[in-house]
Amino acid sequence: MSEEKVAGNAVNFIKSIIESDLKSGKHSGIITRFPPEPNGYLHIGHAKSICLNFGLAKQYSGKCHLRFDDTNPEKEDVEYVESIMNDIKWLGFDWEENLFFASSYFDQLYDWAVQIIKDGFAYVCHQSPEDVRKYRGTAKSKGIDSPFRNRSVKENLELFEKMKNGEFKEGECMLRAKIDMSHPNVLMRDPVMYRIKHIPHHRTGNKWCIYPTYDYAHGQSDAIENITHSLCTLEFEAHRPLYEWFLEVIKPESRPRQIEFARLNLTYTVMSKRLMMTLVKDGYVNGWDDPRMPTVAGIRRRGYPPEAVKDFAERIGVAKRDSTVSIDLLEHCVRENLNKTAQRFMGVLDPLKVVISNYPDDLVEEFDAINNPENESDGKRKVPFSKTIYIEKSDFMEDPPKKFHRLAPGKEVRLRSAYYITCNEIVKDGEGNIVELHCTYDPQTRGGGSPDGRKVKGTIHWVSATHYVPVEVRLYDTLFTVENPLDREGGKTFLDYINNESLKVIKNGCAEINLKNVEPSARFQFERVGYFCVDPDTTKEKIILNRIVTLKDKWNRIQKNK
RNA sequence: UCCCGGAUCGUCCAAUGGCAGGACUGCGGGUUCUGGCUCCGCCAAUCAAGGUUCGAAUCCUUGUCCGGGAUCCA
């Protein structure tokens with residue numbers, strides 16, 4: 001508990017600013033906002049931002065608005081609005097009545113633009129896109145004033161009116177802020193405020209044919225909503241002077257402050273919209289919700305609990321330096337959450353038949369198995385046992401190395417929650433493959449303990465061959481073979497680092513019969529194997545499971561280090 | 001190179017002029033009816049050089065490296 005406290009209360013530079021603003025009386029409370037453009041799916045980087053904005057609002061008893069930044073109808077669609085809201089809700093955040101759209105402010109934004117023109121700080125420019133670029137200059141060279149820069153207020157007002165009324169073609173002209181064409185920050189060289197697009201908007205329909213740019217719309221939207229702290233990622237840093245310039249010219253009552261933080265990068269994946277699009281479109285994954293994708297939809301389908309994602313967001317912190325967080329930390333958060341919450345079952349992914357030769361042919365016993373050792377109140381369940389069982393192929397070795405604690409000729413192991421068994425015969429096929437084991441059990445060890453107190457080093461999982469549910473299991477690994485697929489060597493692209501083994505499908509898994517009753521949304525642990533969840537591809541005929549994450553595996557590590 | 005940022009264990013985040021600390025990873029060990037969990041221990045960092053100061057990761061100067069910035073995108 002104390003550790004969670006520390007994590008949740010860890011100060012970062014944004015909290016310092018907020019606390020100072022609260023203390024000084026600049027603000028009596030805070031309002032943040034999450035401002036997605038409805039033009040794509042959310043990924044875990046957005047999740048960081050969502051957790052930050054909603055988390056801050058919660059911590060300081062403020063509010064967090066959800067505002068769709070829908071100023072460009074060319075790229076946006078309602079389809080994304082729905083999926084974004086769904087993702088935020090899944091993460092466990094609630095914007096309550098504070099659902100907004102930048103497009104709702106088009107009237108106010110227009111009125112302000114008129115005012116800015118009247119104040120002499122904006123003009124309608126008829127330069128071609130090529131000339132705009134040419135006249136803007138470069139980072140090294142100054143720009144040149146547009147020939148339309150000194151039109152009269154009256155003329156600008158008339159022209160802007162005509163723009164609004166659809167009397168110009170797309171690209172024919174635009175409204176520009178009159179700032180400084182020789183400004184060292186290129187963004188300040190008379191940026192575009194309004195452009196013409198004869199395209200219907202998914203919310204305002206055909207009402208408008210001029211649309212405000214991000215730079216003109218964002219700060220003002222913040223001001224309209226009384227946002228106090230407007231958090232965005234580092235690439236908007238250069239836009240901040242512009243953000244402030246508009247506020248200074250318009251002088252709204254509310255003065256939001258833009259604060260930038262570093263976006264999240266994760267090892268072994270890519271997060272850019274364009275690259276993810278390639279993965280989906282070219283079939284490297286099976287859609288936006290493929291469990292290998294870093295999208296919120298992918299993570300959800302993979303089975304990551306939202307609480308684990310929030311914990312992760314809290315633990316990675318917030319700072320201004322570019323960073324790449326190890327996927328290990330995310331997986332750690334997932335394991336930690338699932339260890340405490342996931343019901344345990346037994347499941348065999350790669351079955352090897354075992355016949356208990358001294359066990360009565362038709363006897364079926366039921367053993368009590370603990371549902372979750374981390375939570376006693378989860379109780380126990382009955383697991384049927386019979387003469388023939390399946391164990392994991394990897395739990396048997398004919399010629400085992402020294403520290404192998406599992407089944408081997410002449411060796412005794414415990415079948416979890418059942419009996420001790422000893423292997424005395426290996427049955428092979430014509431090619432020498434092990435196809436079956438014959439073992440004997442010790443009736444005295446019923447339930448998994450022995451009256452004589454003798455120790456067995458190994459405990460293995462099993463499934464009764466006459467009481468099981470067949471399952472298909474999808475095992476996932478990272479989508480890329482290298483930590484940073486973008487850090488590519490000569491000539492290669494990120495696609496050259498795709499992990500061809502990122503998905504392995506097990507067709508003949510055997511799960512404990514109790515799995516039949518598991519809820520479709522449940523996450524559970526196959527003991528000694530990993531955490532799994534039921535995939536939506538599941539049908540009445542076939543249960544399909546996704547491996548969320550493996551258990552940590554010390555034996556695997558020992559072998560690797562050899 | 002013009003503007004704006006940023007440089008702390010392998011990774012992420014702290015330390016706000018006063019003992020560089022936590023988490024993840026890795027390594028070693030204890031415990032265990034999951035080689036899980038848990039517990040104990042270990043490895044491991046202030047970009048560089050000057051300066052200010054009793055004292056610098058922190059302030060100043062210079063340099064180096066990294067990131068971002070010139071869409072009628074956000």
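Below, chain A is the first sequence line, B the second, and so on; all start at residue 1.
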Could you tell me whether [X] contacts a base, only the sugar-phosphate backbone, or nothing, with contacts defined as non-hydrogen atoms closer than 4.0 Å?
{"X": "A/Thr138", "result": "base"}
{"X": "A/Ala139", "result": "base"}
{"X": "A/Glu237", "result": "sugar-phosphate"}
{"X": "A/Ser417", "result": "base"}
{"X": "A/Phe236", "result": "base"}
{"X": "A/Glu260", "result": "nothing"}
{"X": "A/His332", "result": "sugar-phosphate"}
{"X": "A/Phe404", "result": "base"}
{"X": "A/Glu130", "result": "nothing"}
{"X": "A/Asn561", "result": "sugar-phosphate"}
{"X": "A/Ser141", "result": "nothing"}
{"X": "A/Ile316", "result": "sugar-phosphate"}

Nearest to the side chain of [X] - [options]?
{"X": "A/Asn12", "options": "B/rC73, B/rC12, B/rA14", "answer": "B/rA14"}
{"X": "A/Arg528", "options": "B/rG68, B/rU1, B/rG35", "answer": "B/rG35"}
{"X": "A/Pro184", "options": "B/rG36, B/rC2, B/rG5", "answer": "B/rC2"}
{"X": "A/Asp328", "options": "B/rC73, B/rC24, B/rU34", "answer": "B/rC24"}
{"X": "A/Leu329", "options": "B/rC37, B/rC24, B/rG35", "answer": "B/rC24"}
{"X": "A/Arg557", "options": "B/rU16, B/rC13, B/rG26", "answer": "B/rG26"}
{"X": "A/Ala319", "options": "B/rC3, B/rA14, B/rA74", "answer": "B/rA14"}
{"X": "A/Glu527", "options": "B/rG68, B/rU34, B/rC37", "answer": "B/rU34"}
{"X": "A/Arg195", "options": "B/rA14, B/rG35, B/rC72", "answer": "B/rC72"}
{"X": "A/Val186", "options": "B/rA70, B/rU16, B/rG35", "answer": "B/rA70"}

Phosphate-side-chain proximity, [X] and [N], N/O vs OP1/OP2 below 4.0 Å:
{"X": "A/Asn39", "N": "B/rC73", "answer": "no"}
{"X": "A/Lys340", "N": "B/rC37", "answer": "no"}
{"X": "A/Ser323", "N": "B/rU11", "answer": "no"}
{"X": "A/Lys197", "N": "B/rC73", "answer": "yes"}
{"X": "A/Thr71", "N": "B/rA74", "answer": "yes"}
{"X": "A/Arg136", "N": "B/rC72", "answer": "yes"}

Take the protein atom [atom1] of [X] and the nucleotide atom [atom2] of [N], then report the distance between them rounded to whole Å.
{"X": "A/Met346", "N": "B/rU34", "atom1": "CE", "atom2": "P", "value": "12 Å"}
{"X": "A/Leu264", "N": "B/rC13", "atom1": "CG", "atom2": "P", "value": "10 Å"}
{"X": "A/Asn371", "N": "B/rU34", "atom1": "CG", "atom2": "C1'", "value": "14 Å"}
{"X": "A/Leu407", "N": "B/rG35", "atom1": "CG", "atom2": "C1'", "value": "16 Å"}

On the 0 to 90° scale, with breaks at 30° and 60°, tag the [X]-[Y] ring pair as parallel, tilted or perpendicular.
{"X": "A/Tyr194", "Y": "A/Tyr216", "result": "tilted"}
{"X": "A/Phe148", "Y": "A/His126", "result": "tilted"}
{"X": "A/Trp462", "Y": "A/Phe385", "result": "perpendicular"}
{"X": "A/Tyr105", "Y": "A/Phe100", "result": "tilted"}

Are A/Trp555 and the base of B/rG35 stacked, counting only ring centres nearer than 5.5 Å and planes tilted under 30°?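 Per 5.5 Å and 30° rule: yes, stacked.
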
Can A/His405 be said to stack with the base of B/rG35, given centres closer than 5.5 angstrom and planes under 30 degrees apart?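 Answer is yes, a stack.
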
Tell me which of A/Lys320 and A/Asn339 sits closer to the 5' end of RNA chain B, going by the nucleotide each one is nearest to.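 By nearest-heavy-atom nucleotide position, the 5'-most residue is A/Lys320.
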
So, do A/His218 and A/Phe236 have ring centers that fall under 6.0 Å from each other?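 Not close enough - the centres of the two rings lie 6.0 Å or further apart.
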
Do the side chains of A/Asp395 and A/Arg406 get close enough for a salt bridge, i.e. N-O under 4.0 angstrom?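 A salt bridge links A/Asp395 with A/Arg406.
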
Taking a pair as Watson-Crick or G-U wobble with both distances under 3.5 Å, which nucleotide is matched to [N]?
{"N": "B/rG5", "answer": "B/rC66"}
{"N": "B/rG41", "answer": "B/rC27"}
{"N": "B/rG50", "answer": "B/rC60"}

Spell out yes or no: do the side chain of [X] and the base of [N] have one donor N/O and one acceptor N/O closer than 3.5 Å?
{"X": "A/Arg321", "N": "B/rG67", "result": "no"}
{"X": "A/His239", "N": "B/rA74", "result": "yes"}
{"X": "A/Arg344", "N": "B/rU34", "result": "yes"}

Result of checking A/Lys380, A/Lys382, A/Arg381 against A/Asp368 for salt bridge (Lys or Arg N to Asp or Glu O under 4.0 Å):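 One option only clears the test, and that one is A/Lys382.
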
If you measure from OH on A/Tyr41 to CD1 on A/Ile84, what distance do you get to the nearest 0.5 Å?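 Spacing of OH (A/Tyr41) from CD1 (A/Ile84) equals 9.5 Å.
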
